[in-house]
Amino acid sequence: QVQLVESGGGLVQAGGSLRLSCAASGRTISSYAMGWFRQAPGKERESVAAISWGAGSIYYANSVKGRFTISRDNAKNTVYLQMNSLKPEDTAVYYCAAKSSRGIPTKDYEYEYWGQGTQVTVSS
């Protein structure tokens with residue numbers, strides 16, 4: 001079992017930045033692909049970014065390319081999502097997810113473990 005806890009969410013003005021962290025426990029995530037997803041009110045959960053176990057492959061949704069950066073520190077068992085140039089449409093609950101895989105899953109149904117989410121609100 002892998003437990004995931006997200007942190008770093010909050011309220012920020014448009015154009016601002018936030019850094020989300022996802023701390024894992026229970027198992028080392030060095031052999032896990034990790035993903036960030038988000039869900040806005042009334043909308044389906046969508047993939048934001050994903051990173052392979054060794055960080056050799058990275059995926060970004062088109063809506064966040066050039067603004068968000070996913071990274072991982074396997075020694076700290078933590079994954080990060082640096083979010084810059086935030087827009088009101090980035091407002092959502094952000095979730096961290098993990099899958100034991102050498103690939104880079106981008107669909108939510110592919111992931112095995114989920115955090116509880118952290119709220120990100122971007123004001124205009």
Side-chain angles (χ1 to χ4, degrees):
Q1 291 289 333
V2 176
Q3 292 79 44
L4 303 172
V5 178
E6 302 94 336
S7 62
L11 174 63
V12 64
Q13 288 188 332
S17 298
L18 284 174
R19 188 194 196 201
L20 304 184
S21 298
C22 172
S25 61
R27 290 183 181 176
T28 176
I29 61 169
S30 58
S31 61
Y32 284 74
M34 303 296 295
W36 284 98
F37 292 78
R38 66 187 181 186
Q39 187 167 22
K43 295 187 176 181
E44 293 187 353
R45 185 164 55 190
E46 62 175 351
S47 177
V48 175
I51 187 168
S52 62
W53 67 279
S57 297
I58 290 178
Y59 161 84
Y60 293 105
N62 287 334
S63 57
V64 306
K65 278 182 182 177
R67 300 188 299 121
F68 290 13
T69 302
I70 188 172
S71 62
R72 65 189 299 160
D73 186 337
N74 287 341
K76 294 183 178 180
N77 235 27
T78 302
V79 178
Y80 305 97
L81 185 68
Q82 177 67 43
M83 305 187 295
N84 299 328
S85 302
L86 283 161
K87 304 175 181 180
E89 51 262 45
D90 294 318
T91 295
V93 177
Y94 283 71
Y95 298 90
C96 173
K99 175 176 173 60
S100 179
S101 170
R102 292 300 179 99
I104 184 169
T106 61
K107 306 297 184 183
D108 57 359
Y109 58 78
E110 297 181 276
Y111 282 84
E112 301 167 88
Y113 303 103
W114 291 85
Q116 83 291 346
T118 186
Q119 177 71 47
V120 171
T121 302
V122 184
S123 63
S124 57

Please give me the minimum heavy-atom distance between A49 and L81, naming the atom from each residue. CB-CD1, 4.2 Å

Side-chain contact, heavy-atom cut-off 4.5 Å: C96 with W36? yes

Report yes or no: does N77 contribute a side-chain atom to a donor-acceptor pair with the main-chain N or O of R27 at less than 3.5 Å? yes

Report the distance from atom CG of L18 to atom CD of Q82, rounding to the nearest 0.5 Å. 8.5 Å

State yes or no: do V48 and I58 share one hydrophobic cluster built from I, L, V, M, F, W and Y residues joined by side-chain heavy-atom distances below 4.5 Å, directly or via other members? yes

What distance separates T91 OG1 from L11 CG, expressed to the nearest 0.5 Å? 8.5 Å

Evaluate the side-chain proximity of W53 to I29: yes if any heavy-atom separation is below 4.5 Å, no if none is. no

Give the minimum heavy-atom separation between V2 and A24, together with the two atoms involved. CG1-CB, 4.3 Å

Scanning both residues in full, the closest heavy-atom pair of S17 with S85 reads OG-N, 4.3 Å

Please round to the nearest 0.5 Å and tell me the distance separating atom NZ of K99 and atom OG of S31. 11.5 Å

Start with the C-alpha gap between D73 and Y80, add the side-chain angles, then the distance that decides, and say whether side chain to side chain contact (heavy atoms under 4.5 Å, CB included) holds. CA-CA 8 Å; D73 186 337; Y80 305 97; 4.1 Å; yes

I'd like to check R38 versus D90 (side-chain heavy atoms, cut-off strictly below 4.5 Å). Are they in contact? yes

Quick one: pull up CZ in R72 and SG in C22 and give me the separation to the nearest 0.5 Å. 10.0 Å

Can you tell if the side chain of S100 reaches within under 4.5 Å of the side chain of E112, non-hydrogen atoms only? yes

With a 4.5 Å cut-off on side-chain heavy atoms, are M83 and V12 touching? no

Using side-chain heavy atoms (C-beta onward) and a distance below 4.5 Å, is E6 in contact with Y94? no

Whether Y111 and F37 hold their rings parallel, tilted or perpendicular, with breakpoints at 30° and 60°: perpendicular

Do you know the tightest heavy-atom contact between P88 and A14? CD-CB, 4.1 Å

Separation between CG (N84) and OG1 (T69), nearest 0.5 Å, reads 6.5 Å

Where is the tightest heavy-atom contact between G103 and A33, given as atom of each residue plus distance? O-CB, 3.6 Å

As a quick check of understanding, evaluate side chain to side chain contact (heavy atoms under 4.5 Å, CB included) for E89 and V122, giving each step before the final call. CA-CA 8 Å; E89 51 262 45; V122 184; over 6 Å; no

Flag side-chain contact, heavy atom, 4.5 Å: T28 against N74: no

Single-linkage hydrophobic cluster, 4.5 Å side-chain cutoff, L20 and Y95 together: no

Does any non-hydrogen side-chain atom of F68 lie less than 4.5 Å from one of L86? yes

Atom OG of S52 and atom CE of M34: how far apart are they, to the nearest 0.5 Å? 12.0 Å

